Amino acid sequence: MAHPLPSAALHPVPAPLRHPPNVTHLISTATALPHLKQIQAQILRNSHHHHNHHLFQLLLYSLPFPSYALSLLSFIPADIPPPCQLPNKILKHLSRSDNPHKALVFFQAMQNKFFPIDRFSFPPLLKAASRALSLSEGKMIHGLAAKLGFETDPFVQTALMGMYAACGLISEARTVFDKMPQRDVVTWNIMIDGYCRSRLFDDVLVLLEEMKSSDIKPDARVFTTILAACSRVGNLDIGRLVQEYISESNVVVDYQLQTALLNMYINFGAMDKAQSFYDELKPKNVVASTAMITGYSKIGNLEAAQLIFDEMVDKDLVCWSAMISCYANSDEPREALEIFGEMQQLGVKPDQVTMLSVISACARLGALDKAEQIHLYVDEKGFGTALPINNALIDMYAKCGSLDRATEVYGRVHRKNVISWTSMINAFATHGDVDNALTHFRQMRVENVEPNWITFVGVLYACSHAGLVEEGEKLFESMVKHYVIAPRLEHYGCMVDLYGRAGRLRDALEIVESMPMAPSIVIWGSLMAACRIHGESELGEFAAKRLLEIDPDHDGALVFLSNIYAKERKWENVGAVRNAMKHKGVSKERGCSMIEMNGDMHTFLTADKSHRRTDEIYAKLGEVVGKLREVGYAPNTNCVLVDLSEDEKKEAILWHSEKLALCYGLISREKQSTIRIIKNLRICEDCHDFMKMASKVLDTEIIIRDRTRFHQCRDGVCSCKDYW
DNA sequence: CTAGGGTTAG
């Protein structure tokens with residue numbers, strides 16, 4: 001019967017066994033899965049009366065390998081039930097693990113074998129149910145506890161409260177709370193936390209008053225709980241009240257309560273108050289500093305965020321990630337990637353959250369080579385299977401101008417969620433592939449994935465850019481009626497655009513007048529642009545004036561107005577607009593184009609002469625302009641500010657940053673590879689014509705990402721069909 | 001043989 005196992009040579013066991021070996025000791029030294037399996041084989045081989053006991057001990061030490069632990073259960077015969085302590089220990093362990101549901105599975109298996117349970121089994125079980133947010137199982141366990149007469153056990157009661165509070169059944173939690181004969185500070189806190197989660201702040205206050213008049217006094221943790229909830233929800237009043245309570249009572253304000261207070265200021269956007277509080281904080285800690293960084297990040301104060309970060313002594317992964325996302329979200333992708341590089345050099349290992357920020361930074365940067373490099377890295381480090389990562393990759397490739405690679409990643413995602421679908425639909429929409437955008441939208445509904453408001457922005461955008469008025473109207477209606485999604489500014493913007501481009505200006509105006517919120521710059525801007533295309537001076541003038549009320553320096557509106565006045569020979573008005581333009585300062589955002597070459601991003605401003613190959617670039621520009629003129633190119637100065645002479649205008653337009661970037665690409669690229677340019681503003685009409693003609697004359701593909709979409713120019717035609 | 005509550009990145 002006792003034949004040696006193949007692996008016995010590695011872990012020699014004395015045989016023959018006159019005395020049972022000290023299995024207990026053997027088990028307690030096992031750390032690896034193969035070792036445990038070997039011991040299991042040995043236990044099963046040497047059947048004796050300690051059999052079950054040993055298997056349970058083995059089970060206990062197998063808990064780091066939950067699937068194996070569960071499989072062990074099938075080797076345990078039901079005839080000699082183990083004492084309760086062992087299974088209870090296992091329940092406790094599993095209930096705290098990453099997958100608390102395993103505790104419930106284990107419990108089910110225990111019941112099938114008729115293992116005994118006692119009152120000590122219930123707190124871990126209820127903990128598992130509350131962590132798994134499994135109300136139905138929680139209720140079942142409650143029923144069982146009642147049946148076995150454990151409902152009056154204070155430990156079971158506390159766990160029941162916690163379970164109901166976590167699952168949102170606050171009234172059930174309260175019923176248990178009221179029944180409890182004795183309550184301590186923790187019991188009160190669980191109840192208060194429950195009310196906080198259900199956002200019932202009035203009840204929180206009532207309970208806090210009750211607590212103060214009881215013999216239990218609130219402690220720092222109770223206050224932390226409430227403050228954290230207030231800042232999450234943005235409830236300033238309650239936050240103030242709690243602050244008063246804290247100064248009245250003599251609780252010791254520990255660092256976690258300090259952090260909660262700090263966090264409250266931050267969440268209310270009171271960064272000056274937060275800063276003075278933070279200055280007083282001694283010693284500082286990572287959590288508080290990280291909160292400060294995100295606070296400054298949210299109000300766009302990058303310098304202040306960087307300062308906090310620089311002064312931190314112990315930087316952990318979380319604060320590095322915060323700093324990276326701070327730059328990524330403030331549209332400073334290069335800095336974000338640089339920080340990521342520094343972090344790696346210091347040997348700090350990124351996690352999924354870090355990578356999401358890094359991928360999003362790369363998407364904003366628009367550098368395709370860099371994108372592929374990051375994709376490789378993500379796969380190499382094992383993040384490549386996570387859904388959020390793949391969704392971010394789809395978006396990244398789309399924003400870097402590679403619809404193909406976006407589609408490729410998308411095709412490999414098995415369980416697509418709304419974000420996967422929406423990212424892909426948006427990718428098609430911004431690349432001008434309306435058919436695919438709409439097909440995927442339909443397919444998404446076939447597969448029972450519910451679209452959200454962002455999905456609708458994507459499809460409506462696609463419709464407006466393809467002139468599909470009826471389709472767009474239908475989608476808008478179904479969004480409101482069928483999906484019960486309240487239209488946002490973005491949706492109204494698409495509708496104004498949809499009607500405006502199609503020349504249905506009265507419908508466009510009707511949308512503007514009927515929308516429940518104040519029209520933004522974008523709304524007036526698209527109405528104005530539609531009027532320009534369709535020659536509707538009167539409505540256009542109206543829109544431009546509204547636009548200037550919001551933004552008195554708006555280039556487009558000033559140019560548009562002066563052009564209308566000039567056409568109508570209203571010279572005094574032209575003069576007024578010109579004056580307005582003279583007073584206008586430097587425009588808030590200068591035109592800027594980037595192109596990636598051998599892994600580096602090269603940036604060009606309008607009329608930029610700072611590049612080291614400036615001479616060659618301008619020579620190339622002259623050459624290209626010459627070739628284009630031969631096929632009929634003439635500079636189109638419609639979009640230039642009027643206070644320049646006609647010659648100056650022509651020159652200014654030839655020196656637009658995207659033309660410089662194009663020429664740099666032409667002189668430095670290898671072979672006939674595609675030229676990809678990223679521009680911060682909308683591309684102007686002249687540059688658009690220029691790129692189209694250049695793609696034909698120079699026989700090269702040119703892809704430009706402007707502020708809102710892609711222009712893929714090939715053989716003299718652009719993917720936007722001149723509709724942007 | 002007991003346990004249960006709070007803060008940070010997306």
Side-chain angles (χ1 to χ4, degrees), chain A residues 83-89 91-92 95-96 118-127 130-131 150 153-163 165-166 173 176-177 180 183-194 196-197 218-232 242 251 253-264 266-267 281 284-295 297-298 305 308-309 312 315-329 339 343 350-361 386 388-389 391-392 419:
Chain A
C84 285
Q85 288 99 314
L86 229 36
N88 285 350
K89 269 190 185 169
L91 285 178
K92 181 171 150 187
S95 73
R96 294 174 179 184
D118 61 8
R119 59 199 169 94
F120 299 108
S121 316
F122 285 91
L125 279 173
L126 290 165
K127 167 104 177 161
S130 76
R131 286 194 56 212
F150 301 143
D153 182 295
F155 294 92
V156 175
Q157 286 175 324
T158 315
L160 277 172
M161 265 181 64
M163 186 274 292
V176 180
F177 179 79
M180 290 178 73
R183 309 178 190 127
D184 65 6
V185 66
V186 179
T187 326
W188 284 91
N189 192 20
I190 295 173
M191 197 61 232
I192 288 177
D193 186 38
C196 284
R197 285 179 206 229
D219 66 358
R221 287 184 163 208
V222 174
F223 290 126
T224 311
T225 302
I226 306 173
L227 282 182
C230 291
S231 25
R232 269 198 304 273
V242 173
V251 290
V253 180
D254 65 8
Y255 89 88
Q256 298 196 82
L257 184 49
Q258 286 172 339
T259 315
L261 274 165
L262 180 65
N263 214 30
M264 189 180 66
I266 292 173
N267 274 297
L281 203 64
K284 316 247 185 279
N285 64 74
V286 219
V287 177
S289 305
T290 307
M292 286 296 286
I293 290 174
T294 41
S297 163
K298 275 181 197 147
I308 301 268
F309 183 73
M312 288 177 72
K315 297 189 174 78
D316 67 351
L317 172 60
V318 177
C319 79
W320 280 103
S321 295
M323 204 59 225
I324 292 171
S325 90
C326 176
Y327 279 115
N329 293 329
I339 301 250
M343 174 184 136
D351 71 353
Q352 185 177 310
V353 178
T354 322
M355 292 321 295
L356 288 173
S357 289
V358 170
I359 295 171
S360 134
I389 291 279
N391 291 342
I419 302 175

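Numbered from 1 within each chain, the chains take letters A, B, ... in sequence-line order. A quick note: this is a predicted structure, and the numbers were derived from the prediction, not measured.
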| query | With respect to the phosphate group of dG6(B), does any side-chain polar atom (N or O) of Arg232(A) fall under 4.0 Å of OP1 or OP2? | reply | no
| query | What is the nucleic acid contact for Thr294(A), judged by heavy atoms within less than 4.0 Å: base, sugar-phosphate only, or nothing? | reply | sugar-phosphate
| note | Separation of dG10(B) atom C1' from Ile293(A) atom CD1, nearest Å, is 15 Å
| message | Could you tell me if Arg183(A) sits above the aromatic ring of Phe177(A), with its cationic atom closer than 6.0 Å to the ring centre and no more than 45 degrees from the axis? | response | yes
| message | Once you apply a heavy-atom cut-off of 4.0 Å, does Val286(A) come out as touching a base, just sugar-phosphate, or nothing? | response | nothing
| task | Give one of base, sugar-phosphate or nothing for Ala159(A), where a contact means two heavy atoms less than 4.0 Å apart. | result | nothing
| task | Please work out if Asp184(A) contacts a base, only the sugar-phosphate, or nothing of the nucleic acid, heavy-atom cut-off 4.0 Å. | result | base
| query | Roughly how far apart are Leu262(A) CG and Met264(A) CE, rounded to 0.5 Å? | reply | 10.0 Å
| task | Look at all strands and tell whether Leu257(A) reaches a base, only sugar-phosphate, or nothing, counting heavy atoms closer than 4.0 Å. | result | base
| What integer distance in Å separates Tyr255(A):OH from dT8(B):C1'? | 10 Å
| request: Give the rounded distance in Å between these two atoms: CE of Met163(A) and C1' of dA3(B). | output: 16 Å
| said: Has Asp316(A) got a side-chain atom pairing as donor or acceptor with Cys319(A)'s backbone, closer than 3.5 angstrom? | reply: yes
| task | Find the distance Leu86(A):CG to dT2(B):C1' and express it as a whole number of Å. | result | 15 Å
| Sugar-phosphate only, base, or nothing, as touched by Asp219(A) at under 4.0 Å among non-hydrogen atoms | base
| query | Do Ser231(A) and Asn263(A) pass the side chain to side chain donor-acceptor pair (under 3.5 Å) test, and can you show the C-alpha distance, the side-chain angles, and the key distance before you say yes or no? | reply | CA-CA 7 Å; Ser231(A) 25; Asn263(A) 214 30; 4.5 Å; no
| task | Look at the side-chain N and O atoms of Lys92(A) and state whether any lies under 4.0 Å from the OP1 or OP2 oxygen of dA3(B). | result | yes
| request: Choose from dT7(B), dG10(B), dG5(B) the nucleotide whose nearest atom is closest to any side-chain atom of Val186(A). | output: dG5(B)
| For the pair made of CZ in Phe177(A) and C1' in dG5(B), what is the distance, rounded to whole Å? | 13 Å
| query | Lys127(A) side chain N/O closer than 4.0 Å to the phosphate oxygens (OP1, OP2) of dG5(B)? | reply | yes
| query | For Leu261(A) and dT7(B), what is the distance between atoms CG and C1' respectively, to the nearest whole Å? | reply | 11 Å
| request: Return no unless some side-chain N or O of Ser325(A) is found under 4.0 Å from OP1 or OP2 of dA9(B). | output: no
| Below 3.5 Å, does any donor atom in the side chain of Thr225(A) face an acceptor in the base of dG6(B), or the other way round? | no
| query | Thr187(A) near the nucleic acid: base, sugar-phosphate alone, or nothing, with a heavy-atom cut-off under 4.0 Å? | reply | base
| request: Have a look at Asn285(A) and say if it touches a base, only the backbone sugar-phosphate, or nothing, with a 4.0 Å heavy-atom cut-off. | output: nothing
| field | Atom-pair distance (CE on Met191(A); P on dG5(B)), nearest Å | value | 15 Å
| query | Between OG1 of Thr354(A) and CD1 of Ile359(A), what distance do you get to the nearest 0.5 Å? | reply | 10.5 Å
| query | Think Asn263(A) has a side-chain N or O under 4.0 angstrom from the OP1 or OP2 of dT8(B)? | reply | yes
| task | Report the distance from atom CZ of Arg96(A) to atom P of dT2(B), rounded to the nearest whole Å. | result | 13 Å
| Does a distance-only test, which skips hydrogens and angles, find a donor-acceptor pair under 3.5 Å between the side chain of Asp254(A) and the base of dG6(B)? | yes
